[in-house]
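Just so we're on the same page: letters track the sequence lines, and every chain starts at 1. Quantities reported herein were computed from a predicted structural model and do not represent experimental measurements.
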Amino acid sequence: MPKITSRSLIAVSVAIVVAAILVVVLLDRYGRNARTYGAVGAIDSPQVVRMVVESPLDAYAFWKQQGFKGRTILLIADAWERLGIVNQADIPSARPYPLRLYHIPTTFEREKLSPANFLYVAALNGITRRVVAILSQPGYDDMAAMAQRATEARIGAGELYLPHQGFPRWFTTLARFRGEKEPVLLYVNASYFRTVEPEDLYRQLKASGVATDAVILCRGGEDNRLTNLERAKLERFARLIGIPAAKNDSPAAAPAARPRQ
Amino acid sequence: MTSPAGMDNIKNPDTIGPDRATAKTGPRRYFLPMLLLLTLLGLFSRQYLLHSQPVSVDDFSVGLTAINYVESGQLGPTMWNHSNLCGILVYGAMRLFGTGVVGLKGVSLMFGLFSIPLLGLVARRFMSESAALLASFLWTVEPLAIDFSRQAIGDIYLAFFPLLGIYFACRYRESRRQYWLLAAGVSFGCGLSTKWSVIFPLAVTLVLVARSIRKGREESGACRAISMVHCFAALVLLPLIIYLLTFIPWFGRGYDASEWPALQQAMYRETSQHTGYHPLEQDYRDHWAYEWFVRPITYEDVYANRDGNGQEGLDGSDGRMTVLLAVANPLVWLAVLPSLLFAAWQGIRKRDEGLCYLAGLFLCSYLPLALAQRPIWANTALSVLPFAFMAVAYSITAIAGNPVTRQRIIAAYVVAVALTTAPLYPLVIGKGFELPYLKDYLEQNYADKLQRMRDGGAFPSGGR
């Protein structure tokens with residue numbers, strides 16, 4: 001049996017401890033560096049890209065075009081669109097070798113992207129790594145009821161954590177929203193103004209101190225549940241944050257995002 | 001090469017059983033050739049007609065999941081709640097060998113194959129060589145081990161990596177060369193990065209190694225303390241590092257270290273409450289771990305494939321049905337609990353650390369599953385079976401003191417297991433429909449089941 005040298009044991013033990021710390025630190029840095037941001041400011045800051053779009057698909061196209069990666073999306077809408085069965089990865093019934101496997105994110109983007117699943121596809125494609133949803137009270141109550149049956153949900157006072165296959169999703173109401181620590185991609189759907197006035201939303205968002213580099217206001221496209229009144233309120237909100245009335249911006253107008261140092 | 005059992009025997013002659021004296025002088029001439037022979041038998045049984053075994057929904061999903069995880073850091077679509085070393089390895093294999101059978105299933109096949117000699121080498125450290133060979137034989141012909149060596153999904157890793165870690169830990173215990181302990185840490189880390197259940201054999205091994213350090217011959221208490229710290233670093237921190245590294249693709253999505261615990265928590269919640277992908281009351285497969293060793297059980301994969309004529313669809317309505325049916329051999333599985341009790345009793349009575357370790361490995365691996373409130377399908381038994389089979393092999397070889405009688409008992413048992421397992425082999429490799437004596441049985445029992453699963457929207461299927 002070889003003589004054990006304490007010095008070598010200490011050296012190896014220290015090396016393992018240092019390696020463990022290094023791995024954590026490097027993974028942390030790696031993750032943070034993977035995020036890309038544009039010019040950041042308050043929701044009504046001139047340097048922040050702000051636009052009104054017709055459809056959620058326009059929002060997706062803008063985020064994609066800007067090269068946003070690893071971001072928090074702050075969704076403001078009346079209710080949460082649930083994912084349908086169509087969002088499962090297709091398994092062909094003929095599976096001969098060599099298998100014709102595919103890349104789920106790009107396939108979904110090409111073949112399945114819709115106003116109902118644009119956030120999911122944004123998650124698949126790495127645009128967002130977490131979603132915070134500010135819903136109306138009925139929309140929140142609906143999610144809270146669903147969360148009662150979910151295995152992964154954590155329900156707090158006016159705040160709900162309901163991840164989807166490990167993807168973090170937070171749900172809350174405007175009254176409970178306390179801001180975000182990092183700049184968000186803000187997306188406001190006209191449906192939110194079914195129960196809330198634009199001035200209230202503007203005031204609360206300003207008070208929360210939320211920072212962003214892209215504000216997208218969505219008129220809702222072909223969503224026939226939306227009324228002209230809600231779209232008019234969306235225009236009012238647009239003016240509050242400094243977007244000229246009825247101006248639909250082209251997604252190409254903004255400068256590309258960059259990694260944040 | 002002297003086994004710990006052999007070393008113990010030398011130190012304490014009272015513990016030498018009639019069939020353990022062999023361990024004193026290193027491996028007998030027949031041990032390694034026999035192990036090689038079993039490995040060759042295992043190679044045949046695990047790869048025979050594998051290329052023509054239709055690709056299951058799970059197999060295909062594993063390929064998708066591998067690409068999804070490595071290229072996008074996205075967990076899922078299959079088994080998102082488990083850490084994803086399987087996806088990383090399968091992805092690497094597919095990059096090397098393409099998306100054929102080798103790329104998709106080569107890793108499972110390799111681990112399933114290597115686990116055969118590994119089990120023998122590990123068992124030899126706790127018991128006689130004839131017992132070790134018997135344990136290895138039981139594993140070679142075990143339908144569940146064959147089944148999952150032929151599937152892309154990573155359940156067979158749960159047998160391979162803990163065995164590898166245990167083997168290295170035993171080598172460390174014998175030689176005190178620290179690279180064995182580091183290798184054990186890496187092996188257990190790979191196991192943990194497959195499924196968390198590997199934490200149980202890791203914990204037992206940690207206790208074993210710590211105990212041997214405490215009883216060791218280091219010069220001073222300080223040296224022992226340093227060895228303990230080293231042991232902790234190698235068997236706790238090192239696996240944790242490996243585990244963390246398998247999350248590199250996930251971090252690449254922009255997550256930072258503070259978000260990682262929330263993911264682990266979500267994975268834990270899903271794992272602890274998982275009830276399958278279709279209603280449990282419609283799941284007719286055996287799914288309670290406490291039943292594994294008290295009544296005959298099976299594990300089945302039922303799926304349909306269309307021929308590869310270019311037509312694709314999701315319903316599989318006119319596809320060819322495949323049933324992969326792993327039937328646990330009652331001669332082996334029902335012998336597990338009494339054998340384990342016998343081995344534990346012998347271990348305590350003779351103060352045999354190896355047998356106590358074996359009993360600890362089995363109990364710590366099995367009890368959390370047996371006591372779980374959620375359903376656990378028989379595929380998970382692969383994390384327990386190597387220890388169970390070692391206990392069975394030990395008991396069979398220790399029944400008689402007389403060597404001649406003992407050899408006869410072993411031979412009779414081997415023949416009985418082989419005869420009862422052989423008819424089950426076509427079922428495991430999905431060829432049951434091609435044999436008249438099985439075809440009627442399968443059609444009667446599984447055609448309706450496939451239809452029910454299809455009607456219930458159970459594709460993609462699986463209950464892991």
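Between Glu259(B) and Lys181(A) no salt bridge is recorded (no basic side-chain N to carboxylate O distance below 4.0 Å).
Between Tyr303(B) and Arg95(A), some side-chain heavy-atom pair lies under the 4.5 Å cut-off. For the pair Leu27(A)/Phe247(B), no side-chain contact is recorded, criterion being any heavy-atom separation below 4.5 Å from C-beta on. Side-chain contact between Arg253(B) and Phe167(A) is present, with heavy atoms from C-beta onward closer than 4.5 Å. When side chains are defined from C-beta on, Tyr97(A) does not count as touching Thr99(B), because their heavy atoms never get closer than 4.5 Å. Between His230(B) and Val12(A) there is a side-chain heavy-atom pair separated by less than 4.5 Å. A heavy-atom distance below 4.5 Å is found between the side chains of Arg154(A) and Gln265(B). In this structure, the side chains of Asn125(A) and Ser72(B) stay at 4.5 Å or more apart for every pair of heavy atoms. Counting heavy atoms from C-beta outward, Gln178(B) and Ser8(A) have side chains that approach closer than 4.5 Å.
Per-residue counts of heavy-atom pairs under 4.5 Å with chain B were compared for Gly166(A), Ala150(A), Gly70(A); the largest is that of Gly166(A). Interface summary for chain A: among His51(B), Met267(B), Gln264(B), Glu71(B), the most heavy-atom pairs under 4.5 angstrom belong to Glu71(B). The greatest number of non-hydrogen atom pairs below 4.5 Å with chain A, out of Leu238(B), Ile248(B), Leu263(B), Leu182(B), is found for Ile248(B). For the set Leu75(B), Val101(B), Ile67(B), Leu245(B), the entry with the most heavy-atom pairs within less than 4.5 Å of chain A is Val101(B).
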Item checked: side-chain contact (heavy atoms from CB on, under 4.5 Å) assessment of Asp256(B) paired with Arg32(A) -> CA-CA 6 Å; Asp256(B) 60 55; Arg32(A) 289 176 192 273; 3.5 Å; yes
Margin query: Please evaluate residues Met94(B) and Leu101(A) with respect to the criterion side-chain contact (heavy atoms from CB on, under 4.5 Å), reporting the C-alpha separation (whole Å), side-chain torsions for both, the decisive distance (0.1 Å), and the verdict.
Written below: CA-CA 10 Å; Met94(B) 289 194 303; Leu101(A) 297 168; 3.4 Å; yes
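Distance CZ/Phe251(B) to CZ/Arg129(A): 11.5 Å, rounded to 0.5 Å. A distance of 6.0 Å separates CZ in Phe60(B) from OH in Tyr102(A), rounded to the nearest 0.5 Å. Put simply, CD1 on Ile226(B) and CZ on Arg7(A) are 11.0 Å apart, with the number rounded to the nearest 0.5 Å.
Contact of Leu181(B) with chain A is not made at all, since no heavy-atom distance falls under 4.5 Å. Looking at Ala153(A), only its backbone comes within 4.5 Å of chain B, counting heavy atoms on both sides. In this structure, the portion of Ser56(B) lying under 4.5 Å from any heavy atom of chain A is its backbone and not its side chain. Looking at Tyr161(A), only its side chain comes within 4.5 Å of chain B, counting heavy atoms on both sides. Leu240(B) does not touch chain A: none of its heavy atoms, backbone or side chain, sits under 4.5 Å away.
Taking all atoms of both residues into account, the shortest heavy-atom contact from Pro77(B) to Ile104(A) is CD-CD1, 3.6 Å. The shortest heavy-atom contact between Pro168(A) and Tyr255(B) is CD-OH, 3.4 Å. Between Asp28(A) and Ser258(B), the closest heavy-atom pair is OD1-N, 4.3 Å.
Of the listed residues (Val23(A), Ile21(A), Val24(A)), just one forms a side chain to side chain contact (heavy atoms under 4.5 Å, CB included) with Ile241(B), and that residue is Val23(A).
Around atom CZ of Arg95(B), no more than 12 heavy atoms belonging to other residues, nucleotides or ligands sit under 6.0 Å away.
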